Amino acid sequence: MLDRQILRSPEGIARLKEALKHRGYDPGVVERLVALDERWRELTREVNELRRVQNEKARMVGRLKREGKHEEAEQVILESRTLSEKIQVLEQELREISERFEREWLLVPNIPHESVPVGEDESANVVVRTWGDLPSFDFEPRPHWELGEILGILDFESPRVMSGSRFVGYRGLGARLERALIQFFLDLHTTEHGYTEVIPPVLVREESMIASGHLPKFREEMYEIPADGLFLIPTAEVSLANLHRDTLFAEEELPRYYTAYTPCFRREAGAYGKDVRGMIRLHQFNKVELFKYTLPEQSYDELERMLQDAERVLQLLGIPYRVVALSTGDMGFAAAKTYDIEAWAPGLQRWLEVSSVSNTEDFQARRAGVRVRRRNGTVEYVHTLNGSGLATPRTFIALLENFQQKDGSVVIPEALRPYMGGLEVIEPQ
RNA sequence: GGAGGGGUGGCCGAGUGGUCGAAGGCGGCGGCUUGCUAAGCCGUAGCCCCGGCUGAAACCGGGGCCGAGGGUUCGAAUCCCUCCCCCUCCGCCA
């Protein structure tokens with residue numbers, strides 16, 4: 001959520017319209033919002049004034065009664081009664097205006113940072129850097145689903161029966177490898193990068209989804225449990241963004257770094273027929289998330305650092321990747337700036353997004369009510385950042401496909417071996 | 001699921017339907033005292049919104065905020081309703 005102050009100056013209005021245009025949103029909503037805000041302020045002014053008079057009269061009644069002047073008190077009560085009715089009518093209208101404003105305001109995305117490349121879609125994204133050499137093979141590299149089959153570590157069949165498409169099962173060393181990845185990520189971030197590990201709920205209330213910016217706009221992407229009004233999280237970002245709801249931090253308490261492993265659930269409603277093969281796009285997957293609460297002036301430095309923390313995972317695994325700065329048209333709703341990290345998948349011959357690292361500035365903090373009292377006494381919203389560190393299925397894919405050998409065996413990167421009981425190679429069954 | 005108790009300012013905690021933010025404590029800030037610190041003493045202090053002011057800060061005026069939302073009343077932290085959360089007991093179950 002943006003500061004609605006932006007609707008009260010010509011420059012702010014122009015800035016917001018431009019931001020919406022760059023994101024591919026209709027800037028037409030802005031005029032409507034400006035009108036609602038103006039009406040809201042006008043009503044607020046009127047109501048405030050009437051309440052002032054009303055308060056005066058109420059106090060007068062109290063005073064008169066205490067002084068025993070009951071008849072005069074009755075007179076004032078009579079006046080006050082009609083005023084009270086008038087106020088109620090205006091308050092009703094004020095409530096309606098507020099609700100209408102709020103409804104639309106919650107659908108307005110964040111304003112992109114000035115450093116974000118302007119463009120309609122992913123074609124305008126900018127590759128910031130590439131790390132590692134793409135592997136060359138003296139054989140045709142296999143896609144992960146073939147490797148999973150050969151090695152007997154992935155199960156695509158039984159999940160289809162028990163749950164439908166876009167689910168995967170791991171078995172044997174596959175399950176162990178998945179667990180190893182999660183543990184490796186968490187250990188790295190907690191011991192070397194200073195994040196505090198948390199295990200949050202994965203079922204949350206609607207208001208938590210609103211706070212993180214995932215609702216009301218993306219309802220069709222969420223699994224919902226109507227009987228209890230709960231939603232399955234699409235990312236631990238939701239849980240971590242709600243860790244300090246309605247909190248006023250002291251400046252010394254920031255920054256705060258959190259990491260969490262959770263399963264994530266996505267309906268993928270808009271992706272019919274896309275990435276159906278293998279485990280590129282799943283309804284349920286595992287992810288280790290990174291999250292920071294920072295002072296506003298530090299958030300862009302913290303963004304770069306978080307990006308490095310996520311990159312470090314791939315470096316230690318030896319998986320080649322590139323970092324991409326997303327364009328205005330490709331960024332998520334709450335983000336002011338986003339980097340994607342894409343791992344190379346030689347079997348698929350494509351780059352796979354394994355991480356997305358974003359600064360939402362105060363967009364989520366405003367929705368979640370997370371503020372900081374500065375040393376000079378002023379209060380402002382904190383900045384929040386989130387990033388994957390990493391998502392496992394695609395890391396799993398990249399790992400299998402990069403380290404495969406001619407016979408289908410897969411070499412386990414050294415960093416992971418301690419988590420695999422020292423195992424160096426997964427052999428075909 | 002059943003019964004009962006409770007949610008008050010950054011934190012803890014008192015509170016009457018009518019004296020403009022609500023005792024007290026902790027913590028905060030300013031000052032005095034002090035070789036320095038601690039202790040002590042004095043003072044000050046909340047958050048949000050509207051307006052003065054085109055934007056921001058300070059300041060001034062006003063409104064709102066005692067879990068959330070409605071309601072009763074001239075007037076509600078205080079009474080009523082709904083919801084949320086916490087605690088205790090009982091039942092059930094990992």
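As the structure is a prediction and not an experimental result, all values here were calculated from the model. We name chains A, B, ... by the order of the sequence lines, and we start the count at 1 in each one.
- Geometric assessment of A:R305 against the ring of A:Y257 yields a negative cation-pi assignment under the 6.0 Å and 45° thresholds.
- Close to B:C74, at under 4.0 Å from its OP1 or OP2, lies a side-chain N or O of A:R81.
- The gap from the P atom of B:A57 to that of B:C48 amounts to 11 Å, rounded to the nearest Å.
- Here A:R95 lies in heavy-atom contact (under 4.0 Å) with sugar-phosphate atoms only.
- Comparing B:C42 with B:C59, their P atoms sit 26 Å apart, to the nearest whole Å.
- Closest to the A:R373 side chain, of the nucleotides B:C47, B:C74, B:C50, is B:C47.
- Taking the side chain of A:L248 as heavy atoms from C-beta on, and the options B:G10, B:C74, B:U72, the nearest nucleotide is B:G10.
- Of the candidate nucleotides B:C50, B:G70, B:C48, B:C48 has the atom nearest to the side chain of A:V379.
- The side chain of A:R51 places no N or O atom within less than 4.0 Å of a non-bridging phosphate oxygen (OP1 or OP2) of B:C20.
- The same atom, P, is picked in B:A14 and in B:A23; the two are 14 Å apart, to the nearest Å.
- Proximity of A:N55 to the phosphate of B:G63: a side-chain N or O atom is located under 4.0 Å from OP1 or OP2.
- The side chain of A:R371 lies closest to B:C48, out of B:G62, B:C48, B:C50.
- Taking atom P on both nucleotides, B:A38 is separated from B:C47 by 25 Å, rounded to a whole Å.
- In this structure, A:L230 places its CG atom 10 Å from P of B:C85, rounding to the nearest Å.
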